[in-house]
Q: 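One structure, as structure tokens, below. Some questions next.
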Amino acid sequence: MKTIIEPFRIKAVEPIQLTTQAERRGYLTEARHNLFLLPSSRVLIDLLTDSGTGAMSAAQWAAVMTGDESYAGAPSFFRFEQAVKNLMPFKHVLPTHQGRAAEAMLMSLFGGLDKIVPNNTHFDTTRANVEASGARGVDFVIAEGLDANSLHPFKGNMDLERLEAFMAEHHAHVPLIMLTITNNAGGGQPVSLANIQAVSEIAHRYKKPFFIDGCRFAENAHFIKMREHGQGRRSIEDIVRDCFSCADGMTMSAKKDGLGNIGGWLALNDDELAEDARALLIRTEGFPTYGGLAGRDLDALAVGLKEVVDENYLAYRARTNAYIVERLDAMGVPVVKPAGGHAVFVDARAWLSHIDPLAYPGQALATTLYELGGIRSCEIGTVMFGRQSDGTEQAAPMDLVRLAMPRRTYTQSHADYVIEVFEEVAKRLLDLKGLRIVKEPRMLRHFTCAFEVLTD
Ligand SMILES: Cc1ncc(COP(=O)(O)O)c(C=O)c1O
């Protein structure tokens, strides 16, 4: 059959709120045109993030009931640890409440003044943790990764030449090399196995540890299987094992490819570092056999890690994004291609070219998607990155709108509905107006700032 269907049926349903356009216009005014300030009960299709928003399976909910809440040595931990080690053969696995806690620990171990951490692209919490330690993060994603129209199959790859040149000059300041799979900040684009292995080789040649930010490891492995020469007949598990067996450790947000609503971990091989990390874990998260999670969360993750490597699930997941990207592309909506693993990215600056970047075309599109169709998306552009440390404002390199797909949550008809809402936007594109910010906090303004719609 040519239709790739949702490889599950629905056992429990969660009603979503149907509202009218007039009601949504009122809700937008109340939220000062900031979608983060909308109560989720007023959102019809919530594509704000794929993090922790997925649906757990019947088997995961059953595992929740087997959770053992003992402070130390709970069997839930050992089931979780075994599930992680089955895919990522690291010696030590330290559970954390989510990914950023693992990043904070990693940077306590490796960060510090005068240090520089290379990555393909640091995710924002990774960068924040690098910088909080006094270090600096540098990004070496390949040039195609910054070109919305490039059809390179692995747009998340590290630029090996630039990394090599950087290491030759600055290796004394580099405590470790990181690689993010898939590259979230670059549109959920994958990294090839060959590239992962080549980055590992460079790191080890300079005697530096190599750590993977593995949040979307299964989606990445799916793209390796589909697109990389010689990988097509291998199992997802084997590809995942190969990705991680050339690394010295990893950070993980299990809210993505752990198929959990909460959770994460730091894993590593070095015994001494692991001892230091455990001391940190006890101080900040909890005892090493629960580390910030309940036993029931650990059990849900142990099952989620088995389900996420299912090829039918991964094919359906990738197809949902590709389907929306193909349809939007055919309508003439500028989208980042090829579709990424967890989200669809729309180039709002190109589509709403009548709106100046400093009048936030991404926000104009995101609020219109909400007003017309109740869809919540996320501006990734000048609202998020425009304010400079000297107080001035500059257009961000791109004004994108991200539609992130929660896992196993929405169906094909939800995807069709999203496409229809874009058709409605297209009809009134030139009527869309820019916005201005009337109130903003000193940092991370996109979460709480208030907007006003420009009238002329
Ligand atoms: C690539 C990447 N790294 C790290 C994180 C941080 O994980 P968490 O939100 O669980 O703290 C995220 C979350 O979106 C991510 O996408």
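Predicted model only: the values in this text are computed from it and were never measured. Order of listing sets the numbers, starting from 1, for every ligand and every atom in it. What you see below is based on every heavy atom in this structure, not just the backbone, and it leaves out hydrogens, waters and symmetry mates.
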Q: Name the orientation class of the two ring planes belonging to His204 and Phe210 (parallel below 30°, tilted from 30 to 60°, perpendicular beyond 60°).
A: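 The rings of His204 and Phe210 stand perpendicular, inter-plane angle above 60°.
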
Q: Quick one: does ligand 1 sit under 4.0 Å from the side chain of Arg100, the backbone, both or neither, non-hydrogen atoms only?
A: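 Both backbone and side chain.
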
Q: Can you confirm whether Asp114 is buried at CG, in the sense that more than 12 heavy atoms of other residues, nucleotides or ligands lie under 6.0 Å from that atom?
A: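 No, the 6.0 Å shell around CG holds no more than 12 heavy atoms from other groups.
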
Q: Rounded at 0.5 Å granularity, tell me how far CD in Glu164 sits from CE in Met158.
A: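 That separation rounds to 11.5 Å.
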
Q: For ligand 1, find out whether one of its N or O atoms is nearer than 3.5 Å to an N or O atom of Asp213.
A: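 Yes; the residue has a nitrogen or oxygen that sits under 3.5 Å from a nitrogen or oxygen of the ligand.
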
Q: For Phe140, does the six-membered ring have the charged nitrogen or CZ of Arg162 within the cation-pi criterion, i.e. under 6.0 angstrom from the centroid and within 45° of the normal?
A: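 Relative to the ring axis of Phe140, which defines the angle, Arg162 lies outside at least one limit.
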
Q: Have a look at Cys215, Ser253, Ala185, Gly263 and point out the one with the heavy atom closest to atom 7 (O) of ligand 1.
A: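 The option holding the nearest heavy atom is Ser253.
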
Q: Can the ring centroids of Tyr27 and Tyr370 be said to lie less than 6.0 angstrom from one another?
A: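 Centroid distance Tyr27-Tyr370: not below 6.0 Å, so no.
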
Q: How close do Asn149 and Val335 get, counting heavy atoms only, and between which atoms?
A: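 The pair with the smallest heavy-atom distance is OD1-O, 4.5 Å.
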
Q: Of all the atoms in ligand 1, which lie at a distance below 4.0 Å from a heavy atom belonging to Glu103?
A: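 Those of ligand 1 that fall under 4.0 Å from Glu103 are 3 (N), 4 (C), 5 (C).
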
Q: Would the Phe8 and Tyr316 ring centres measure less than 6.0 Å apart?
A: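 Yes, they do, as the ring centres are separated by less than 6.0 Å.
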
Q: Quick check: Thr180 and ligand 1, any N/O pair under 3.5 Å apart?
A: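 Such a contact does not occur with ligand 1.
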
Q: Tell me which protein heavy atom sits closest to atom 13 (C) of ligand 1, plus the residue, atom name and distance to 0.1 Å.
A: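 In this structure, atom 13 (C) of ligand 1 has Lys256 NZ, 2.4 Å as its nearest protein heavy atom.
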
Q: Kindly confirm or rule out an N or O of Asn184 lying under 3.5 angstrom from an N or O of ligand 1.
A: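 Indeed, backbone or side chain, Asn184 has an N or O that close.
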
Q: Just to confirm my output: which protein heavy-atom neighbour is closest to atom 8 (P) of ligand 1, and how far is it?
A: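 Result for atom 8 (P) of ligand 1: Gln98 NE2, 3.3 Å.
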
Q: Identify, by atom number and element, the atoms of ligand 1 in contact range of Lys255, meaning under 4.0 Å from any of its heavy atoms.
A: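 The atoms of ligand 1 under 4.0 Å from a heavy atom of Lys255 are 10 (O).
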
Q: Pull out every atom of ligand 1 sitting under 4.0 Å from any heavy atom of Arg216, numbered as shown with elements.
A: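 Close to Arg216: 1 (C), 15 (C), 16 (O).
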
Q: Judging by distance only, is a nitrogen or oxygen of Gly99 under 3.5 angstrom from one on ligand 1?
A: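 Min N/O separation from ligand 1 is below 3.5 Å for Gly99.
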
Q: Applying side chain to side chain donor-acceptor pair (under 3.5 Å) between Arg407 and each of Thr53, Asp50, Thr320, report the one that passes.
A: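 Option passing the side chain to side chain donor-acceptor pair (under 3.5 Å) with Arg407: Asp50.
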
Q: Give the residue and atom name of whichever protein heavy atom lies nearest to atom 6 (C) of ligand 1, and the separation in Å to one decimal.
A: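 Minimum-distance protein heavy atom for atom 6 (C) of ligand 1 reads Thr125 OG1, 3.4 Å.
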
